[in-house]
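Scroll down for the structure; my scribbles are underneath it.
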Amino acid sequence: MIQSDKPSKKPLIYYYVIAMIVLMILNAVLFPSLLSRRVQEVGYSDFLKMVDEGKVKEVSLEEDAEQIVFIAVNDENNENIYKTGAFPDTGLRERLENAGVKFESVIPTQDSPLLNFIITWILPIALFSLVGQLLMKRLQKSGMMPGANAMSIGKSGAKIVAENETGVTFANVAGQDEAKEALVEIVDFLHEPKKYADIGAKLPTGALLVGPPGTGKTLLARAVAGEAKVPFFSISGSEFVEMFVGMGAAKVRDLFQQANEKAPCIVFIDEIDTIGKKRDAGGYGGNDEREQTLNQLLTEMDGFDGKKGVVILAATNRPESLDPALLRPGRFDRRIPVQLPDLNGRIAILKVHAKDVHLDSNVDFSAIARATSGASGAELANIINEAALRAVRMGRSTVSQEDLEESVETVIAGYQRKNAVMNPEERRIVSYHEIGHALVAAKQTNSAPVTKITIIPRTSGALGYTMQVDEGEHFLMNQEEMENKIATLTGGQAAEKLVFGRITTGASNDIEQATKLARGMVARYGMSEEFGMVALETTNNMYLGQDTSLACAQATAERIDRQVIALVKKGREKADAILKENEPKLHELAAYLLDKETITGEEFMRILNAPETR
């Protein structure tokens with residue numbers, strides 16, 4: 001990537017010239033006598049005469065050089081520096097004291113004009129230049145100055161990628177077929193604008209890519225530029241935010257001016273919600289920097305000539321926060337969802353990222369894709385990389401299925417804490433806790449099969465976990481499945497209570513998940529006979545954490561809480577019943593897990609389905 005505007009060094013030269021002139025004036029005004037001083041050599045008798053006349057002010061004896069240096073007033077009443085030879089004179093000190101002459105250890109002289117010039121002119125200017133350079137670098141790093149010098153204020157700073165340098169096409173983007181189809185028309189227009197102009201069609205001014213983090217929004221924008229083989233301007237929304245009012249708007253003007261000059265081209269603004277938030281009167285005045293930047297962006301988008309072929313792509317994971325004026329037709333005409341990939345999409349993404357990785361012949365991407373439901377493209381890329389790193393640590397030259405499975409666990413639960421040592425009693429509790437989850441899940445219908453159980457602590461804080469993986473892809477959950485999931489979540493604490501007669505803090509995450517599911521059933525999914533199909537809860541930031549907030553009266557919220565508690569209690573009672581009915585298997589499986597530390601789903605089901613030994 002290259003910067004669109006090469007910083008000029010001319011302004012710095014101007015500053016240096018101005019600084020030199022200022023220093024010359026200051027030296028001439030503040031130190032005129034110093035500039036006029038020159039060391040003059042006089043005879044010893046002349047020295048004594050000047051002492052008697054009261055013209056000598058300061059005296060210094062330089063014994064090494066065997067000379068006397070003194071400051072005296074000349075005939076023009078200006079101070080000057082003189083020197084004379086030193087003669088043995090026992091009455092000289094008394095003579096000088098009577099004349100009121102000061103005795104100095106050293107009187108600086110200016111015997112060398114070159115040294116005087118360097119000290120007086122060159123050194124101050126060099127110091128001034130060094131301080132100026134350091135100050136500008138600090139301002140540039142802190143973001144208070146957008147370019148290398150003051151003349152670059154208002155420049156966009158957008159990066160331009162030449163058509164042969166993007167290195168990304170639609171072939172590099174997997175798992176987003178619908179988004180790619182929506183962008184193909186833009187690519188075709190940039191290739192053949194005439195056929196659209198002949199029929200009177202206009203290219204959409206802008207396309208907004210929305211979706212969760214890591215799904216490939218930026219990658220898609222680069223792929224469009226790579227397919228169209230046109231210049232690609234890339235800038236982040238935060239780069240428009242400036243300390244001084246008006247600078248962000250100036251950057252917007254500069255960016256669109258460059259885009260018009262290089263049309264046809266693509267302008268990509270990442271994280272556009274930084275400058276595109278809804279305008280309101282809450283604390284913002286008419287001169288608010290962010291609002292001015294947004295207004296300038298709206299104006300520039302209106303002023304586009306659609307026939308030139310300038311396309312604006314933007315990405316955000318907070319579309320609900322954008323200003324309505326930004327989303328109206330004529331600006332961002334198209335809204336393209338970039339969602340989390342489905343099962344086939346995850347398989348395709350894993351294959352794309354594993355293209356340059358040496359793999360064993362028995363690697364099954366389908367199994368990894370099933371175990372990573374809900375993972376984004378970035379997370380899947382990280383899984384492939386973690387597997388390759390693990391293979392290197394193990395001293396192998398290829399990545400195995402075991403490496404991929406372990407990397408899935410690393411991304412989900414963190415690395416193994418090999419140095420974490422639990423006491424035997426806590427290991428038994430964790431073992432029964434995890435088997436309690438697995439046993440309750442296995443004894444329920446419509447529950448995802450157990451694939452792995454471990455009691456090895458992880459860096460995420462988990463002391464163990466039970467992994468369940470569906471055989472296929474599911475997009476809906478019915479009420480029975482949700483109730484079964486709540487029962488499974490309560491199974492860990494239920495096993496602790498059944499075996500040890502007490503409970504521990506290990507179920508904190510299970511409690512959170514069970515409560516969230518139960519609340520969703522009542523307030524969002526209409527699975528309550530009392531409330532029916534009434535929305536009592538709203539989702540905020542659907543792509544960022546999906547936080548929720550209640551939209552009901554306080555009395556209604558209390559009724560919701562009672563139903564949530566009842567649902568969790570119902571699931572706990574179901575888990576208690578399953579564990580009591582299968583208590584011998586609970587003890588057998590917990591002992592086996594305690595010995596092995598990690599068991600597979602096949603091992604678990606083999607022991608569970610084996611006849612009980614008497």
Subject >> CD-CG distance between Glu512 and Leu517, expressed to the nearest 0.5 angstrom >> reply: 12.0 Å
Counting distance only, does the side-chain N/O of [X] pair as donor-acceptor with the main-chain N or O of [Y] below 3.5 Å?
{"X": "Lys277", "Y": "Asp323", "result": "no"}
{"X": "Ser407", "Y": "Ile383", "result": "yes"}
{"X": "Asn172", "Y": "Thr169", "result": "yes"}
{"X": "Lys217", "Y": "Pro212", "result": "yes"}

**OP:** Write out all pairs satisfying salt bridge (charged side-chain N to carboxylate O under 4.0 Å, His left out) with one or both partners inside residues 353-380, taking only residues at least two apart or from two chains.
**Re:**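 Checked against salt bridge (charged side-chain N to carboxylate O under 4.0 Å, His left out) - neighbours excluded - no pair reaches residues 353-380.
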Do [X] and [Y] make a side-chain contact, defined as non-hydrogen atoms from C-beta onward lying under 4.5 Å apart?
{"X": "Ile560", "Y": "Cys552", "result": "yes"}
{"X": "Val310", "Y": "Phe256", "result": "no"}
{"X": "Asn382", "Y": "Thr410", "result": "no"}

Subject >> Carboxylate-amine/guanidinium contact Arg390 Asp403, below 4.0 Å >> reply: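 Counted as a salt bridge, because a side-chain N and a carboxylate O are separated by less than 4.0 Å.
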Subject >> Charged N-O contact under 4.0 Å between Arg458 and Glu406 >> reply: yes
Using the side-chain hydrogen bond (donor to acceptor under 3.5 Å, both in side chains) rule, collect all pairs that involve [range], keeping only residues at least two apart or in two chains.
{"range": "residues 324-341", "value": "Glu185-Arg334, Asp302-Arg328, Asp302-Arg331"}
{"range": "residues 341-354", "value": "Arg346-Glu473"}
{"range": "residues 311-321", "value": "Asp273-Thr316"}

Counterpart residues, side-chain contact (heavy atoms from CB on, under 4.5 Å), relative to [X] (two or more places apart):
{"X": "Glu192", "answer": "Asp188, Lys195"}
{"X": "Leu327", "answer": "Leu208, Leu322"}
{"X": "Ala378", "answer": "Ser376"}

**OP:** For Leu340 and Gly374, work out which heavy atoms get closest and say how close.
**Re:** CD1-O, 3.6 Å
Original post:
Any idea which heavy atoms bring Ala369 and Leu343 closest together, and the distance?
Top reply: CB-CD1, 3.7 Å
I'd like to check the side chain to side chain donor-acceptor pair (under 3.5 Å) partners of [X]; sequence neighbours left out, ordered by chain and number.
{"X": "Thr515", "result": "none"}
{"X": "Lys452", "result": "Glu409"}
{"X": "Asn509", "result": "Gln513"}
{"X": "Thr215", "result": "none"}

**OP:** Go through the structure and list residues passing salt bridge (charged side-chain N to carboxylate O under 4.0 Å, His left out) with Glu480, not counting sequence neighbours.
**Re:** none
Original post:
Does atom NZ of Lys485 have more than 12 heavy-atom neighbours from other groups under 6.0 Å away?
Top reply: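 It does not: Lys485 NZ has 12 such atoms or fewer within range.
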**OP:** For Gln296 and Glu300, run side chain to side chain donor-acceptor pair (under 3.5 Å): C-alpha distance rounded to whole Å, both residues' side-chain angles, the deciding distance at 0.1 Å, then the answer.
**Re:** CA-CA 6 Å; Gln296 187 64 44; Glu300 293 290 344; 2.9 Å; yes
